[in-house]
Visitor: 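Take a look at the following structure, please.
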Amino acid sequence: MISKRGFLFAIVAALGLMLGLGGVAMADTIKIGLAAPFTGDAAAYGDNIKAGVMLKLEEINGAGGINGKKVEIVDGDDLCAPKEAGTVGSKFASDKSIVAVIGHVCSSATLAALPIYRKAGLVSISATSTNPTIGKVGKGWFFRNCYLDTYQGEFLAAYVSKILGLKKVAVFYENNDYGIGLKDAFAAAAKKEGLEVVGAEGYMKGTTDFKPQITKLKSGSPDGIFISGYYQEAGLIAGQSRQAGFEGALFGADGLDNEDFIKVGGKAANGAYCTVPFLAATAPESAKKIIDKFKEVAGRDMDWMSANAYDCLGILAEVIAKVGPDRQKIRDGLAAYNSPEKAYNGLTGATFFDENGDCAKAAAVKTVKDGKFVPAKQMK
């Protein structure tokens, strides 16, 4: 015979178990972490990511949620920095109610958080982290719906050679996983394209004076400068390069695609080029309704980060609808999108993953004209 006290204890213990490890399935909401820089120098990236996610969230919850449960987004501000990313990763990993993570944005932040997610069995999907090594570090617990810097670097080298007609280029690169990986990929591809890299100068995040490096790079007489970094410093490099009398082409990768690049660079940003995996202006007709809705809500054109983030939540919602809010099953569900026939068809096209969670997406090119990003001549 069990005592009354023992019986009550058993009920409490059972309820505790249901609300603990098994609490995800019993909860009224499905929680998904969103790791991005919401404050600090890179906060504009966080704004882009959040805008895309929230548009998709409104759509999902407006239609009744996932299998009758509303989705809740839990923010984690990583400042685009490894240390803070580790803190955010630990917070998300220890919260058993969080079933998946969208993020991180910056490659260095993603690399810092991944070991934590792997150990906890928490899957993450990034809209933006392009460093080639991340997929292998993730060991099956990381996915992304953006291209890799190996591809982006090769594409850029071919574009500036074939479309812009450059012969000699100099390189500015930020000393982080994104800047170095992209710089190395570009340099390797430049040789194949017959481009001469006449100099390369590194810089740390937060640098504001680039005049000494510009003077040094100008001595090599480049007809273009490749900025392998993020929009904040890129805007300053553009402005100071023009002030120093450099009249050649300025170009970069997806890290430059933010309106704040134009704000920081001013008139010097005009004529600059950058690669992106999505162009709202050239998106198919099927995407027009979503793009128009985004502009109505955000007051600006949809950028590639917002579009990819929109699809990140979309693919998670589709997987959870199939397998339920279980961390392991969500990971397995994402891995099942492993071929064009099994792809998730979203705003940014077909998304499917290889064994490292990487995906193939084509690149497009934007340029700045009269203070606004517009489509540039595309490479076929």
Side-chain angles (χ1 to χ4, degrees), residues 36-37 41-49 51-52 80 103-110 125-132 134 144-160 171-174 176-186 189 205 225-235 237-238 250-262 264-265 269 272-283 300-312 347-349 351 358-368 373-376 378-379:
D41 293 340
Y45 287 152
D47 292 341
N48 289 359
I49 294 295
C80 210
H104 296 234
V105 172
C106 299
S107 293
S108 293
T110 299
I125 178 169
S126 175
T128 59
S129 291
T130 51
N131 182 273
I134 297 174
R144 55 179 146 197
N145 67 342
C146 56
Y147 48 48
L148 277 64
D149 286 331
T150 44
Y151 165 77
Q152 188 171 204
E154 292 170 0
F155 180 91
L156 264 172
Y159 186 88
V160 299
V171 181
F172 265 112
Y173 66 94
E174 184 169 340
N176 60 18
D177 295 294
Y178 172 72
I180 294 172
L182 183 58
K183 178 260 297 182
D184 290 345
F186 175 83
K205 178 181 179 180
I225 292 178
F226 171 40
I227 308 172
S228 182
Y230 298 130
Y231 68 88
Q232 309 96 313
E233 290 80 11
I237 290 171
L250 296 171
F251 61 97
D254 48 21
L256 272 62
D257 184 29
N258 191 281
E259 290 185 348
D260 280 6
F261 166 69
I262 301 173
V264 174
Y273 295 84
C274 67
T275 48
V276 290
F278 173 83
L279 267 177
T282 59
R300 59 178 174 81
D301 290 333
M302 181 173 252
D303 58 280
W304 76 272
M305 287 189 173
S306 298
N308 275 17
Y310 176 93
D311 275 355
C312 278
L347 174 64
T348 61
T351 297
D358 298 332
C359 93
K361 290 286 179 76
V365 184
K366 299 170 80 169
T367 187
V368 182
F373 280 114
V374 297
Q378 304 302 310
M379 184 170 66

Visitor: Quick one: which residue pairs count as a salt bridge (Lys or Arg N to Asp or Glu O under 4.0 Å) with a foot in residues 148-157, not counting sequence neighbours?
Guide: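 Salt bridge (Lys or Arg N to Asp or Glu O under 4.0 Å) check on residues 148-157 returns no pairs.
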Visitor: Could you tell me whether the side chain of T150 and the main chain of A185 form a donor-acceptor pair under 3.5 Å?
Guide: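 Flag not set: sc T150 to bb A185 has no pair under 3.5 Å.
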Visitor: For the pair Y45 and Y230, evaluate ring pair (Phe, Tyr, Trp, His ring centres under 6.0 Å) and give the outcome as yes or no after the intermediate values.
Guide: CA-CA 10 Å; Y45 287 152; Y230 298 130; 5.6 Å; yes
Visitor: Please check if the side chain of T367 supplies one atom and the backbone of A272 the other of a donor-acceptor pair under 3.5 Å.
Guide: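 Side chain of T367 to backbone of A272, a donor-acceptor pair under 3.5 Å: yes, one is there.
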Visitor: Who are the side chain to side chain contact (heavy atoms under 4.5 Å, CB included) partners of A234, not counting sequence neighbours?
Guide: I227, L256, F261
Visitor: Under the rule for side chain to side chain contact (heavy atoms under 4.5 Å, CB included), what residues qualify as partners of D260, not counting sequence neighbours?
Guide: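 Side chain to side chain contact (heavy atoms under 4.5 Å, CB included) check on D260 returns A44, Y231, N258, K263.
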Visitor: For residues M302 and L347, determine if any side-chain heavy atom of one lies less than 4.5 Å from a side-chain heavy atom of the other.
Guide: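 Result yes, sub-4.5 Å side-chain heavy-atom pair found.
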Visitor: Among residues at least two apart in sequence or on other chains, which ones pass side chain to side chain donor-acceptor pair (under 3.5 Å) with Y173?
Guide: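 Scan of Y173 (side chain to side chain donor-acceptor pair (under 3.5 Å), adjacent residues dropped) gives none.
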Visitor: Can you tell me if Q152 uses its side chain to pair, donor with acceptor, with the backbone of D254 under 3.5 Å?
Guide: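 A pair under 3.5 Å: yes.
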Visitor: Is any side-chain heavy atom of N48 closer than 4.5 Å to one of R300?
Guide: yes
Visitor: Residues in ring-ring contact (aromatic ring centres under 6.0 Å, His included) with F278, at least two apart?
Guide: none
Visitor: Say whether, by atom type as modelled, one donor and one acceptor occur between the side chain of S129 and the main chain of V105 under 3.5 angstrom.
Guide: yes
Visitor: Could you point out which residue of Y273, F172, F226 forms a ring pair (Phe, Tyr, Trp, His ring centres under 6.0 Å) with F251?
Guide: F226
Visitor: Just verifying a value: how many Å separate L182 CG and L156 CG, rounded to the nearest 0.5 Å?
Guide: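 Separation between the atoms: 6.5 Å.
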Visitor: By disulfide (SG to SG under 2.5 Å), which residues pair with C106, not counting sequence neighbours?
Guide: C80
Visitor: Who pairs with Y310 by side chain to side chain donor-acceptor pair (under 3.5 Å), at least two apart in sequence or on another chain?
Guide: E59
Visitor: Taking side chain to side chain donor-acceptor pair (under 3.5 Å) as the test, write out the residues that go with E174, two or more places apart.
Guide: N176
Visitor: For the atom pair CD1 (I125) and CG (N145), what is the distance rounded to the nearest 0.5 Å?
Guide: 5.0 Å
Visitor: Once you round to the nearest 0.5 Å, how far does OG of S108 lie from CD1 of I180?
Guide: 8.0 Å
Visitor: If I compare all heavy atoms of V264 with all of Q232, which pair ends up nearest, and what's the gap?
Guide: CG1-O, 3.8 Å
Visitor: Listed by chain and number, what are the salt bridge (Lys or Arg N to Asp or Glu O under 4.0 Å) partners of D358, not counting sequence neighbours?
Guide: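 Partners of D358 under the salt bridge (Lys or Arg N to Asp or Glu O under 4.0 Å) test: R144.
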Visitor: What residues, two or more places apart in sequence or in another chain, satisfy side chain to side chain contact (heavy atoms under 4.5 Å, CB included) together with D257?
Guide: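 With neighbours one apart ignored, the set is C274, V276, D303, W304, K366, F373.
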Visitor: Taking A363's backbone N and O only, do any of them form a donor-acceptor pair with T275's side chain (distance below 3.5 Å, no angle check)?
Guide: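 Not confirmed, T275 side chain does not pair with A363 backbone.
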Visitor: Could you walk me through whether T282 and Q378 pass the side-chain contact (heavy atoms from CB on, under 4.5 Å) test, one step at a time?
Guide: CA-CA 11 Å; T282 59; Q378 304 302 310; 5.8 Å; no
Visitor: Taking side chain to side chain donor-acceptor pair (under 3.5 Å) as the definition, give me every residue that meets it alongside D311, ordered by chain and number, with sequence neighbours left out.
Guide: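 For D311 the side chain to side chain donor-acceptor pair (under 3.5 Å) partners, ignoring immediate neighbours, are T348.
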Visitor: Distance check, rounded to the nearest 0.5 Å: I237 atom CD1 versus L250 atom CG?
Guide: 9.5 Å
Visitor: Could you report the tightest heavy-atom contact between A253 and Y178, atom names first, then the distance?
Guide: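 Smallest interatomic distance, heavy atoms only, reads CB-OH, 3.5 Å.
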Visitor: Got a sec, which residues hit side chain to side chain contact (heavy atoms under 4.5 Å, CB included) with A309, two or more places apart in sequence or on another chain?
Guide: I49, V53, A127
Visitor: Over 60° means perpendicular and under 30° means parallel, so classify the ring planes of Y151 and Y147, tilted if in between.
Guide: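 The rings of Y147 and Y151 sit tilted, inter-plane angle from 30° to 60°.
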Visitor: If you look at every heavy atom in T128 and S126, which pair is closest and at what distance?
Guide: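 Of all heavy-atom pairs spanning T128 and S126, the closest is N-OG, 3.1 Å.
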